[in-house]
Amino acid sequence: MSTTTKNNLPLTSPDFLFPTDLQKTERKINRILLVGSCLTSLYLEAFKGYYPDINFDYIPYNFVSILPKAPPAPTDQYDLQYVQIPLRTVLSDRVVEGFQLNDPAVAESILNDAFNTLDVMLDAALLYNREHGLLTFVSNFMAPQMSTASSLLSQGTETDLTYMVRRLNMHLARKISSYKNAYVLDVDSVVSSLGKRYVLDDIIYFHTHGGLSFQDWDDFGAIERNEPIPALETIYPIHREEFVKTIFRQIVAAYRTVHQVDQVKAVIFDLDNTLWRGQIAEHYRPEVQPWPRTDGWPVGLWETVQTLRARGILVAICSKNDEAYVRERWDDIINPQFIKLEDFASVKINWVPKPENIAAICQEFNIKPKSVVFVDDNPVERASVNTAFPEIRTIGGNPYLTRRILLWSPETQVARLTQESAQRETMIRGQIAREETRASLNREEFLASLECTVSLTYITDTEQPELARALELTNKTNQFNTSGKRWTFEELTRFLTEGGEVIVATVQDKFTNYGLVSVLYLRNNEIVQFVMSCRVLGMEVEKSIVADVVSHVREKHGDVRITASIHDLPDNTPCRNIYKDCDFREDWVSENIHYYILDENKEVEFPSHIEVVEEV
């Protein structure tokens, strides 16, 4: 995929802040509920004009008001709601009296009152989120563009309104983290990037109004003046359309992140002219001086590697070079020492064609090429990789674009960092060690040597902490996924409310703790969907899970038959035989869906090499 801007023109603000370079598929948004003050009503008017294919509904929200018991349309018709709480109501008009803010104790008292008001308003505004699990994005507050402090000395202190607004934004972020399926959108950063001088109305209105600059109708000559007021744009160029479109792109980007659309699971880097300037064999020889500079974009990419790792994205190296020489010279070139070769979960430095190395990396990571981004400066290499793997995403031609694409694209963001995401690199390293052991033993010896434990937790309500990871795993797993269904938080909430159960499994062996790697959806005596990470395939974990679920159903409902189904999907061949392997019989097939039955009096045998533990 090309990293050049469209028609070689400068990037627009939406494309700059929320890149689409890694987007492969669209996810249609049909209906959005807007809840907020006059700024939100402006969004409504503009959004309807710019995006006529989307339905927008609006509920005004000022002061500590109460939302209607139901929104304008049924809750399940909304893809999301966008909430904007008015700053003026939260801070009150007391902050207009600047003398009060000169006293730090009074300023702190006002701020504490604002925290309490924000808590109440937030709880009221998130009614549909609390009752129906509606995906909710909450705008933070736009801080004034200049200090409001009474003196130079007190700028940035508790008596400065800009400081107070930033404290409110911190409080809002902490508060939102206690809600399910709700996230803060950093509008303050967006408007700062665009330039508050082109957007924010605090050059005209009072600081807590927090709206967009515009010219009042009464100032267009309706009232006589000694000197007519000129059009506002002759003094202050207002970029209203740019701002509104960027805010909408922020909403779309966050929606894609939450739903893991085109999610990136691994980034593979070339070395020469990609992670450093020049070629290691040509430009960094001891007798060649000076060496290329390491500051600028290379250090930015080195930090990017560490940021991706922190998000749970795997990083690897695929380079045509001499590995021994690269290892010998690494510390000389990577200066400062932001990254080490050991930071990469897989290192392929050799003269093998890059498509072969990438295929090996995907196999080690148990991921499909469509979940990978390949970064290489050479267009020929990118083309060869794209030819071998049409779904892989390739970037790297322009080093001034690479960092921003990797850090800011919604496809490389995570909605909530789960324990499994944070430990994914460690798990992959353990998995590679496990596969090396597998090669030296026969199957029975290998399985017996694993010392494998499967811990099962039965989820019955949305308050259980494992739910976020269960949703993440379900929505990103393609290979071992019996139905391919993607769940929203709202759908999952209804499933549990109507008596369904979600059984999650965590797995550990002597090599590593794999974390939560399986989700099974159970409704009475029907296995609705079974999802499992491919990193534990071949250990018979899936069989132990089905065996325990069968025992659970029989204990709860008596000696009943148990049903299940598998959809024939392009990527899910690894799960096609799971029920046959557990002695279910295939009952019938309809439109590529296979239906299975485990008859009464039949049990599923627990694999003897696995210890199964049910967590309370």
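Everything quoted here is computed from the prediction, not taken from an experiment.
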Does the pair E381/K320 count as a salt bridge with the N-to-O cut at 4.0 Å?
yes
Any salt bridge linking D548 with K543? Criterion: basic side-chain nitrogen under 4.0 Å from a carboxylate oxygen.
no
Whether the N386 and T394 side chains hold a donor-acceptor pair (N or O, under 3.5 Å, no angle test) is what I'd like checked.
yes
Residue pair S346 / E364, side-chain donor-acceptor N/O under 3.5 Å
yes
Heavy-atom donor-acceptor pair, W330 side chain to I339 backbone, under 3.5 Å
yes
Hydrogens and angles aside, do H594 and D568 bring a side-chain donor and acceptor to less than 3.5 Å of each other?
yes
Pick one: which of T136, N181, D123 meets side chain to side chain donor-acceptor pair (under 3.5 Å) with R130?
D123
Counting only N and O atoms by type, is there a donor-acceptor contact under 3.5 Å from the side chain of E445 to the main-chain atoms of N442?
yes
Polar side-chain atom of R585 near backbone of L598 as donor-acceptor pair, under 3.5 Å
no
Using only heavy-atom distances, determine whether the side chains of N478 and N572 contain a donor-acceptor pair under 3.5 Å.
no
Hey, mind stepping through F584 and Y579 against ring-ring contact (aromatic ring centres under 6.0 Å, His included) and telling me if it holds?
CA-CA 5 Å; F584 283 62; Y579 298 123; 5.2 Å; yes
With distance as the sole test, does R393 use its side chain to make a donor-acceptor pair with the main-chain N or O of V373 at under 3.5 Å?
no
With no hydrogens and no angle check, do the side chains of Q508 and T453 hold a donor and an acceptor under 3.5 Å apart?
no
Between R27 (side chain only) and R256 (backbone N and O only), is there a donor and an acceptor less than 3.5 Å apart?
no
Can you find a heavy atom in the side chain of L537 that is under 4.5 Å from one in the side chain of E542?
yes
Would you kindly say whether W408 and Q413 are connected by a side-chain donor-acceptor distance under 3.5 Å?
no
Would a distance-only check, ignoring hydrogens and angles, find a side-chain to backbone donor-acceptor pair under 3.5 Å from K265 to K476?
yes
Going by distance alone, is a donor N or O of one side chain under 3.5 Å from an acceptor N or O of the other, for T563 and E526?
no
Do V372 and C362 touch side chain to side chain, with heavy atoms closer than 4.5 Å?
yes
Can you classify the ring geometry of W588 versus Y595 as parallel (below 30°), tilted (30 to 60°) or perpendicular (above 60°)?
parallel
Would you find a donor on one side and an acceptor on the other, under 3.5 Å apart, between the side chain of R523 and the backbone of E501?
no
So do E466 and I459 actually touch side chain to side chain, heavy atoms under 4.5 Å?
yes
Under the side-chain contact (heavy atoms from CB on, under 4.5 Å) test against S533, which residue among V519, L516, V517, V507 passes?
V517
Ring-plane angle category for F530 and F480, please: parallel below 30°, perpendicular beyond 60°, tilted otherwise.
perpendicular
Among D270, I349, N357, V385, which one satisfies side-chain contact (heavy atoms from CB on, under 4.5 Å) with C318?
N357
Pairing of R494 and E490 as salt bridge, 4.0 angstrom limit
no
Side chains of D343 and Q306, donor plus acceptor under 3.5 Å:
yes
Which heavy atom of R554 sits nearest to which heavy atom of K602, and what is that distance?
NH1-O, 2.7 Å
Just by modelled atom types, is the T274 backbone N or O under 3.5 Å from a matching donor or acceptor in the D377 side chain?
no
Do the side-chain N and O atoms of N273 and Q279 include a donor-acceptor pair separated by under 3.5 angstrom?
no
Check: A547 main-chain N/O paired with S551 side-chain donor or acceptor under 3.5 Å
yes
Does Q337 CD have over 12 foreign heavy atoms under 6.0 Å away?
yes
Sidechain-backbone polar pair: T488 side chain, E491 backbone, donor-acceptor under 3.5 Å:
yes
Pair R403 + E303: basic N to acidic O under 4.0 Å:
yes
Salt bridge flag under 4.0 Å for residues R443 and E540
yes
Check the pair K580 / E586 against salt bridge (charged side-chain N to carboxylate O under 4.0 Å, His left out), numbers first and verdict last.
CA-CA 8 Å; K580 288 182 179 179; E586 186 170 355; 3.7 Å; yes
Flag the pair D331 and K340 as a salt bridge only when some basic side-chain nitrogen lies within less than 4.0 angstrom of an acidic carboxylate oxygen.
no
side-chain contact (heavy atoms from CB on, under 4.5 Å), paired with V541, selected from V546, V454, V612:
V454
Only one of I562, V528, I527 clears side-chain contact (heavy atoms from CB on, under 4.5 Å) with L522; which?
I527
Chi angles and distances behind the salt bridge (charged side-chain N to carboxylate O under 4.0 Å, His left out) call for R416, E472:
CA-CA 9 Å; R416 292 175 184 257; E472 176 195 42; over 6 Å; no
Quick one about T474 and Y521 (side-chain donor to acceptor, distance below 3.5 Å, no hydrogens or angles considered), yes or no?
yes
